Structure formats: C-alpha cells, structure tokens
Amino acid sequence: MTELLSGRVSFDVGGRSILQAVDVGIREGECVAIVGTNGAGKTTLLRLLANVLAPSRGGLSLRGTPYNQLTARQLAGSLAYVPQVRPARVPLTVRDVVLLGRYPHKRRWSFGYEAADFEAAARALEVVGAADLAARDMSELSGGECQGVYIAAALAQEAECLILDEPTTYLDPGHQRQIAHLLERLIRRDGRTLVFASHDLNLAFALADRVIALAAGKVVAAGPTADMLVTPLLEQLYGAPFHVSCPAGIPVVSVDLSTRSVIGPDRAPDGAPGEETT
Amino acid sequence: MKRTFLVCVAAVWVGILVLGPFVGAHEVGLGELAAGDAVASRIIWQLRVPRLLLALLAGGALAVCGAAFQTLFGNPLAEPYTLGVAGGAALGAVLAQQLVSTAVVGGLPVVAVASFAGALAASSVIVFVARRRSTATLLLAGVAVALTSSALILFVQYLADFSRTFRMVRWMMGGLAVVGYREVLWVAPWIVFGAVALFLMRRELDQLATGEEIATSRGVDLGRLRMAVVAVVSLMVGALVAVTGPIGFVGLIVPHWVRRGVGHAHAWVLPGAFVAGGAFLALCDLLARRILAPADLPVGVLTAIIGGPFFLWLLLQNKYR
C-alpha cells in the first residue's frame, strides 16, 4: 500500500507550540483515528492535513508530492474536510450545501452546475441516507441530519480521503450509531481513506485500523488499534481510570466516572478532589 | 421563481430607463421631444437621461458592493457605508472642499479626486490592519475607520466657514444632480469593471456560506478573496462617492431583498442586486425630485428615510435573525 498522506509537521501560534514534529503516514484505504485530551492538538493536525493551515515547520505530501507544490484545488480534489465547528445559520437547502462540495471541480468561467454535479450530489445524499432531505432548509435539520449533510458535501467533492473532526460529538446515541455505520460503510464498502479525531474511544476503536494518540502536541503512542486498546496507555493519556471489557468480541472502553474513588469512605469529604488523577 | 423575480426586476429597470426621463419638475412630452424643441431636448438629454443613467449605475454598484461585503464579512449589516470605505471617501472630499481652492484638477473636480483617494486610503488601512487576521478583525477595523473618518469630518466642518460648511453638509447628503455625461462616463468603467470582477468571485463567495474552514479546505484562498473584494469595492465606491457623495442604505436593503427573491447563490444575487439596486435608486431619485418639486431633495436623504424603517421591517420577517 502506498502512503496517501505523509510527512512531519510542527505548528506554533504566537511562540507557543501546538504540535511538535508530529509524524504522519496514512496509507490509502485505511482508517486512522486521532485521540487525545482537549488541547492536545487533534484539530490542528486535522487542519494541517486538510490544508486549512500551513505548518510552521516541516510539511506534508500527498502521494509523495509536497502540498506546497500542489494547488489548493488539486489538494481539495483528494482531501475533503468536515470540521466540528460550522456556522450556526446556513440559509441554504440541503441540496445547495451538498452542491457546494463540487467547488474544486468547477471552472471560473462556467455558469451554474452541470448534470455531473447534480448526480454527484444526489449520489452523496443517497450514501448518507438523506436523499429525502434534499429540498429541506438546513435550519430545519437536527444535529445528526446536519452532520450527515456535511459528510454528503464532502462526498460530493469526490475526494478519496475524508478528514472528520469529532464526527459524533453533540449527537444523541441513535445518531452516533447512524454516523458510525455510515463511516463504516465508507471505509469497508467504498474503500475510502478516513482520518478522524474523536473523544469517543469506542468509535475510534470500532472503526480505526490505526490509532494515533496525541498529548500536548506530541505523538505519545501510535499503532494498530488492538495494540492501543490497553488500559495503562489510556489512563496515562487521559489521567483517568479506564475499564476495557470485551463482551461478544467487541471491545468496549469506559471511563470510570464514579465519584467514589475520589470521595471514598476513607477520605474526608472536603479532601481535595481530583488529586488522585494527577 | 428565481428567473421570474429577475425578469420582473429587469422589466422594471427597463421601464424606468424608458419612462424616467419624462418625469420631473418640468413637463416634457414625447411630442415636444420629437418636434425638436430645443429646451425639451436639453432637459431630456443633458439633465434627465444622464441623471437616470447615473442612478441606475450607482444604485447597482452600491447594491452589488453591499451584497459582496455582507457575504465576505458574514454580517447582514456590512456594506461600504458601515465599513468606512464611504467614510474615507467622504473625508477626502470634505478635506478637499476645506483645503483646496481650485475647483478642477486634471479635468476632474477636486472633490472627486480627493474622495477617490480617501476611499482607497480607508480601505488600505482596513486591509493593512487586518491583513493576516480573521474576517471579524476586518469588520472591526472597518467600523473603526468609519467612526474615525466621521469624527474627522465633523472636525473639518467645525473649522470651516459658514458657506463651506453648508456645501459640505449638502454634499454629505448624497445626490445625483449632474449636468451632461462627464461624470457618468467617468464612473461607468469603474462600476462595470467592479461588477464583473465581483461576479467572477461568485463561487468563492458562495463557499463562505458553510464557513471559512470548509471553504479553505476546498481551495478558496481566503486571504486573496478578502483583499480582492475590499480592493474592488473601494475602487467602485471611491469612484462613485466622488460623484454622488455618500448614499446610504441602498447597499444594505437591496441585497437582502434580492436574496429573498433569488436565494443565496451569487451567480443570481450579484446580477439581481445590480439591476434591483439601480431600479431602486432611480425610483428613489424620481420620488425625491417630486416630493419638494421644483426643489430637488438629495436622494441620499430619501434612501435613508425609506431605508431605515424598511430595513427594520425586513429584520422582523421570520427568515431573518
């Protein structure tokens, strides 16, 4: 398998290092999950991969060609990005939003959209199961439907690699499951390359072939999913007690949120909580 | 729906262009014009037709600039007047009226040259301050420039003598009183160039609807888009304010109204705004000339009087936040 995305990147903001020499190697057709605490640099790494940001040092390559030797449009033909934060109010219909994904394929002098664009948009909506929403206003959609539409827009872009930031955050369990199934289909059936960041470790472990764990802008561990699914590693990464079980052969990771371990019977109630986790 | 809206507005535009010259303080009929009446011919061809053309061009330009700014800044209140471009132009013009004694330089009114320079200076400041920053910073820089230039205008007016202050205040009201075609021919190339240039950026402007991050990831160069839109708008507004003085609210109301008719795709919004803006300003000007006839109410006063309440009404409509 050839490496679709590769390189080493660092990113600073105002003298503060966000990412330090993070090595990236994403092979064609694989699914990579990026995990880590808030502020670990997950979103920054995704933005660098999606060419939304330029690295402070180092650089990335698409199939061996450095990003800076490709035009932004050429990159967009191979990389589609679905960020977590999006405008609250989009005055467009679902179809319009999905058609916007066709931008990298449009010429400056062409007017409007062609049949190929409408077909790509319709196919994308079909894949995410939102074909019946096409004529609806974005403002009428639920959070889960909205996420599906943005993924459809990324699909309409016809890029082989999808980059998603927190694809299931803020969604209810039912919609989380729907999005997880959608992503699974895209990987297993359509053979897409997928890179996503998530706090949902179960999603990460269920979908990803490989997991990259970031902490404070550095890669602390990276490897095949099975190797990363170990309690000590997770506890070190997040500073919280974890429990991994394997009912029916599917690993389930859960963080121990109970307060008993902090305010135990042997502790005074006014003892400093949280000390245990540091 | 989109097509019907655009066709209707275009029909009104053509109607105004054809019938407009026959409306005014002095009754001039087609018969008199056909009979070769010298006075009628002068009124129509030297006063009313150029004034009407200027209104159609100016209104169109203001609306197109407003539409582009609203999208670029993601803010429904953005237009050249709220963002200091027109303020800079007005400051330039007022300074010229106060400081320069000659009326004409290089065949052009001093005021025109100065306001053009003022618009460019204002937008240069905005672009310089916000060069590598977010769109929100650009918006705030624009507001800062607008407030500073209006304060400086007041300062200059305070220093000026009575008759000059009067002229400045008059000019600040914004009007379309022209004699002959010189001004029209002077602004037309800037406006046509600007409108075409903005139309060529329509897809990039469309992309901003789902946010700057997605737009960038799809290959829109936001830095260049910002610079290009601000530069084009200041060229258009600078040239325009030079001739008409600041005319507010057209750039604010018309794009909002047009979007209700044609949706949000800029391939429709920009041409729609150009035609609707021209028709709107021309109608306002016809009305302004009738209200106090034979006196000539500056159209900027009327657009502001109509514009404020109309805009409030638009905001109360359910589709707007």
Side-chain angles (χ1 to χ4, degrees), chain A residues 43 46-54 70-113 137-139 146 149-150 153-154 156-157 159 161-165, chain B residues 1-3 6 67 70-76 132-136 196-225 228 255-256 258-271 314 317-321:
Chain A
T43 297
L46 292 185
R47 285 181 178 158
L48 290 167
L49 289 172
N51 194 37
V52 174
L53 291 177
L70 295 163
T71 66
R73 271 180 186 235
Q74 282 171 331
L75 281 167
S78 295
L79 307 166
Y81 179 46
V82 182
Q84 185 192 0
V85 179
R86 299 178 297 242
R89 181 181 160 280
V90 176
L92 299 175
T93 64
V94 168
R95 186 185 291 110
D96 290 336
V97 168
V98 177
L99 279 168
L100 285 177
R102 298 297 296 164
Y103 174 77
H105 303 279
K106 302 309 293 178
R107 303 253 160 275
R108 187 167 297 279
W109 298 96
S110 69
F111 191 87
Y113 294 105
D137 268 357
M138 285 300 282
S139 55
C146 214
V149 171
Y150 278 101
Q157 202 172 321
C161 180
L162 291 186
I163 299 166
L164 299 106
D165 197 3
Chain B
M1 167 70 183
K2 288 194 274 193
R3 241 167 270 257
L6 212 53
Q70 282 150 23
T71 303
L72 185 72
F73 295 111
N75 190 311
R132 302 187 134 255
R133 314 206 176 221
S134 69
T135 305
V196 170
L198 290 176
F199 185 74
L200 290 178
M201 300 179 217
R202 67 196 180 283
R203 286 194 197 281
E204 286 72 19
L205 292 170
D206 283 345
Q207 285 297 320
L208 293 175
T210 51
E212 298 188 349
E213 245 188 299
I214 296 184
T216 310
S217 79
R218 286 185 186 144
V220 176
D221 188 336
L222 267 185
R224 260 174 59 185
L225 181 67
H256 284 262
V258 168
R259 284 197 193 94
R260 291 162 69 95
V262 302
H264 287 76
H266 288 82
W268 291 88
V269 170
L270 294 174
L314 263 185
Q317 298 298 295
N318 49 12
K319 284 231 167 184
Y320 281 86
R321 56 183 161 179

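Predicted model only: the values in this text are computed from it and were never measured. By convention in this document, chain letters (A, B, ...) are assigned in the order of the sequence lines, proteins followed by strands, and residues within each chain are numbered from 1.
Side-chain atoms of A:Val97 and B:Thr210, non-hydrogen and from C-beta on, do get closer than 4.5 Å to each other. Contact check for B:Asp206 versus A:Tyr103: no side-chain heavy atoms found under the 4.5 Å cut-off.
Put simply, the side chain of B:His264 never gets that close to the backbone of A:Leu92: no donor and acceptor are under 3.5 Å apart. Remark: side-chain polar atoms of B:Arg218 are not paired, donor with acceptor, to backbone N or O of A:Tyr81 under 3.5 angstrom.
No option in A:Gln84, A:Arg86, A:Arg47 other than A:Arg47 meets the side-chain hydrogen bond (donor to acceptor under 3.5 Å, both in side chains) test with B:Glu213.
One distance of note links NZ of A:Lys106 with CZ of B:Arg202; it measures 10.0 Å at 0.5 Å rounding. The line from CD1 of B:Ile214 to CD of A:Gln157 is 9.0 Å long, rounded to the nearest 0.5 Å. Interatomic distance, B:Leu208 CG to A:Leu100 CG, rounded to the nearest 0.5 Å: 10.0 Å.
Per-residue heavy-atom pair counts under 4.5 Å with chain B were compared for A:Ala80, A:Ala50, A:Gly77, A:Pro83, and the maximum is reached by A:Pro83.
Here the closest heavy-atom approach between residue B:Arg203 and residue A:Arg107 is recorded as NE-O, 3.5 Å. Shortest non-hydrogen contact noted between B:Ser217 and A:Ala76 is O-CB, 3.4 Å.
Annotation for A:Arg95: atom CZ does not count as buried by contact number, only 12 or fewer foreign heavy atoms lying within 6.0 Å.
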